[in-house]
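Small disclaimer: the values here were computed from a predicted structure and weren't measured.
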Amino acid sequence: MKKILLISLIIFLNSFKSVYSEDKDIILIPKNPNILDEEYSDEENNTKISNETIEVNELEINENDEIEIFNSEDLNSTNIGEENSYSDFDNAWINSSQKSINFLFNNLNNNIKSNAIKSSLVDVLYYGSKVPDGMDNAEFDKKRILKLQQLGEVEKAINLISNISTYDANKDIYDKTILEKSLVDYNLAAVCGVLDSNAEFKTDSYLIKVKVFCSYLNGEAEEADFFNSLLLEENDDDYFQALYNKLIKIDNNLGNIEDYNYDQESLTLYSAIMRSENLPFSEDFIQIQSPQLLKSIAISPVTDISVRLKAAVKAYNLGSLNSDSIAALYQSVDFSIEELKNPLNSIRKNYINDNQKAMALLFQSSRIQILPISRLEALNNFWEFANQNSQSKLAYHLSKELLKSIEPTSELIDFAINTSKAHLYNNNIEEAKNWLKLIQARNNTGEQTFNNDYLQLVFLMSIHEGNFNIEDELYDNFLNSLDFENKDINNLELYLTTLEFIGFSIPEDLWEITSQKINDERKVPSIYIMKLLEKSANNNSIGELFLCIAVSIEENSWLEIHPQHLNIIFDNLKKVRKEEIINQITLEILEDMSS
């Protein structure tokens with residue numbers, strides 16, 4: 001019942017605006033004053049960054065006083081217990097041992113580069129409710145919820161809290177999770193309201209710091225000083241003290257966070273304090289891998305734009321900020337008309353060491369183009385620069401809206417390959433095919449043969465559609481189009497390994513090329529990890545298998561993984577009949593190769 005009261009109170013407080021809370025949609029800096037009004041569309045003028053907080057539109061309380069919170073947009077897909085495609089994950093952890101699970105949880109790097117592995121792991125953590133052998137139910141629920149939170153899935157963690165039966169066993173931890181969510185959302189009324197309620201928190205240094213902040217916000221200076229005096233007796237969080245001294249105007253000097261002793265678990269609290277005082281974030285905050293903190297930095301209007309851009313891209317890569325928010329932030333950067341007209345020259349002169357401002361400049365330059373050929377030329381410059389700086393996927397996603405109004409015509413054939421690839425990365429398969437038809441029509445006249453980029457894109461498109469029955473002639477031409485330099489031999493080896501596993505025959509002469517090893521620093525996991533991979537697959541313990549795969553790849557991209565390691569992953573996924581995950585990983589590898 002206490003769980004219902006706590007979460008219900010937060011929902012109630014969320015329904016009111018207060019002097020301490022911001023709108024959920026934060027309008028960024030006005031549009032670039034150097035661009036004329038007619039060069040903007042209505043859509044561009046109304047671009048916003050969203051805090052992307054969960055909006056509770058429906059609330060259900062069942063007979064057992066359990067509470068379920070739904071995100072209205074995902075109502076049909078996130079309800080635990082619903083008959084859906086995730087029902088097989090309920091048994092994801094059976095036959096797993098407590099010892100193995102503890103080891104894997106303790107060794108998991110939260111910065112998982114593969115979306116296929118991360119999303120699968122999130123699903124088994126969220127939906128896999130049956131407890132591993134020998135593990136206490138309350139302890140397992142705690143591990144699931146904390147790991148979801150660490151992976152940046154705070155909303156899923158809170159939804160899971162509202163559905164478990166072991167809430168009281170770890171009440172303090174879960175209540176803090178809910179409080180931190182309100183801090184991230186900058187809903188200070190909810191934070192302070194819960195502290196003032198009858199919720200029974202176990203007092204520790206973190207809660208005392210929150211009480212100090214709330215007392216200050218409520219104008220209770222003596223109470224704030226009292227709580228802070230308790231901190232000074234036993235806590236060495238120097239950064240909080242510097243922030244508090246800034247709040248009460250004792251010392252206005254605030255250095256970089258790395259210059260102080262600070263508490264990793266208090267980052268969301270620091271963020272809320274800084275936002276309440278309109279304090280800018282310094283670049284060293286970006287080095288702290290916290291998806292929520294990075295999002296807070298990205299939407300902070302008083303922070304230097306270069307810092308915001310770097311934080312935004314990191315938040316995008318970690319999944320806490322979407323491409324629409326990046327577009328809004330890029331559009332807010334101030335450039336002169338001359339820079340927008342000559343972006344490449346401007347980058348060489350002014351932004352050679354600031355890749356994110358260069359990306360913003362190229363993005364804005366493409367948006368102000370009116371003619372299709374001019375816009376595609378600008379977009380190609382944007383894509384090429386992004387590719388050179390390992391940001392191709394972001395650039396393609398940012399181009400989605402800009403491409404909608406451009407139809408494939410013969411005068412645009414020089415841009416057909418890259419435009420088709422952009423549509424493909426946005427999962428617009430039919431549009432991607434339409435652009436390739438320009439090249440097909442030209443080549444059918446006998447004027448020109450298909451080039452390497454075309455053949456590789458057609459092959460990638462076929463894999464995207466799940467079509468592995470490719471014509472022999474096309475496949476032979478595709479293999480002949482592969483052009484790897486000596487420094488790329490390792491990538492060729494991984495490429496061929498991937499193709500062979502999904503059923504394609506690789507000529508021996510291509511394998512022979514890979515025998516020339518050059519600076520191969522790719523590691524394979526330990527024997528113990530490999531044995532755990534095999535054991536979890538043999539036991540059909542899907543949760544342990546995904547957890548083990550995530551631990552084995554650490555924070556590496558697929559291009560940094562040894563082919564033998566990849567084969568082991570594929571073999572064990574095949575054992576548990578997860579061919580769709582194999583296909584997703586295959587696409588990730590092939591896309592990384594072609595970007």
Side-chain angles (χ1 to χ4, degrees), residues 14 17-32 43-55 71 73 149 152-155 158 179-191 213 217 243 254 256-257 266-335 354-357 359-360 363-364 391 394 397-398 401:
N14 266 311
K17 292 185 181 292
S18 76
V19 293
Y20 307 134
S21 63
E22 297 175 339
D23 290 340
K24 297 304 176 190
D25 286 330
I26 297 177
I27 302 176
L28 290 166
I29 301 170
K31 64 177 185 279
N32 190 333
E43 177 184 353
E44 292 165 349
N45 285 335
N46 291 301
T47 307
K48 295 180 180 179
I49 269 189
S50 171
N51 273 3
E52 301 167 353
T53 57
I54 189 169
E55 179 180 344
N71 183 337
E73 293 181 357
Q149 186 179 5
E153 298 288 341
V154 180
E155 291 173 3
I158 291 177
L179 280 179
E180 287 185 9
K181 176 65 166 60
S182 296
L183 283 169
V184 170
D185 294 343
Y186 197 61
N187 192 339
L188 303 185
V191 174
F213 185 39
L217 291 174
L243 285 172
L254 183 66
N256 293 334
I257 189 173
S266 297
L267 292 176
T268 52
L269 176 60
Y270 299 157
S271 169
I273 295 173
M274 295 177 74
R275 291 169 73 180
S276 73
E277 292 293 301
N278 285 326
L279 297 176
F281 290 93
S282 55
E283 189 166 347
D284 47 4
F285 269 93
I286 300 176
Q287 308 309 318
I288 303 167
Q289 291 290 336
S290 166
Q292 291 76 30
L293 177 61
L294 289 166
K295 186 168 80 170
S296 295
I297 297 171
I299 64 176
S300 168
V302 296
T303 297
D304 181 81
I305 190 63
S306 293
V307 175
R308 294 175 65 191
L309 290 170
K310 291 177 183 177
V313 172
K314 275 202 168 187
Y316 169 82
N317 291 333
L318 292 173
S320 62
L321 211 60
N322 61 31
S323 58
D324 290 338
S325 297
I326 302 290
L329 191 56
Y330 276 177
Q331 194 63 20
S332 73
V333 184
D334 188 15
F335 296 111
D354 194 338
N355 289 340
Q356 291 311 317
K357 273 196 175 179
M359 288 277 288
F363 177 66
Q364 283 195 34
Q391 295 185 51
L394 172 59
H397 290 162
L398 290 172
E401 295 299 319

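- Under the side chain to side chain contact (heavy atoms under 4.5 Å, CB included) rule, Y270 has a single partner from L183, L279, I257, which is I257.
- We find the CD1-CG distance between I326 and L321 to be 4.5 Å, quoted to the nearest 0.5 Å.
- Under the 4.5 Å side-chain criterion, counting only non-hydrogen atoms from C-beta, L309 is not in contact with N355.
- Residues F281 and V307 approach most closely at O-CG1, 4.0 Å, considering heavy atoms.
- Panel note: side chain E180, backbone V154; no donor-acceptor pair is recorded below 3.5 Å.
- Distance check: K357 NZ to F335 CZ gives 7.0 Å after rounding to the nearest 0.5 Å.
- Annotation: the span from K181 atom NZ to N187 atom CG amounts to 9.0 Å, rounded to 0.5 Å.
- Atom CG of residue D185 and atom OG1 of residue T268 lie 11.0 Å apart, to the nearest 0.5 angstrom.
- The two residues P280 and T303 make their nearest non-hydrogen contact at CA-OG1, 3.6 Å.
- Between the side chain of Q356 and the backbone N or O of S306 there is no donor-acceptor pair closer than 3.5 Å.
- Under the 4.5 Å side-chain criterion, counting only non-hydrogen atoms from C-beta, Q331 is in contact with F363.
- Looking only at atom types and distance, the side chain of S325 has a donor-acceptor partner in the side chain of N322 under 3.5 Å away.
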Handout entry: Audit row: Q391, Y316, side-chain contact (heavy atoms from CB on, under 4.5 Å) steps and yes/no
Key = CA-CA 11 Å; Q391 295 185 51; Y316 169 82; over 6 Å; no
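- Of all heavy-atom pairs spanning G152 and P291, the tightest one is CA-CG, 4.1 Å.
- In this structure, the side chain of R275 does not engage the main chain of S300 through any donor-acceptor pair within 3.5 Å.
- In terms of heavy-atom proximity, K310 sits nearest to I286 at CB-CD1, 3.7 Å.
- Counting only distance, with no hydrogens or angles, the side chain of S276 and the backbone of I273 share a donor-acceptor pair below 3.5 Å.
- Closest approach of F213 and A272 over heavy atoms only: CZ-O, 4.0 Å.
- Here the closest heavy-atom approach between residue A298 and residue A311 is recorded as N-CB, 4.2 Å.
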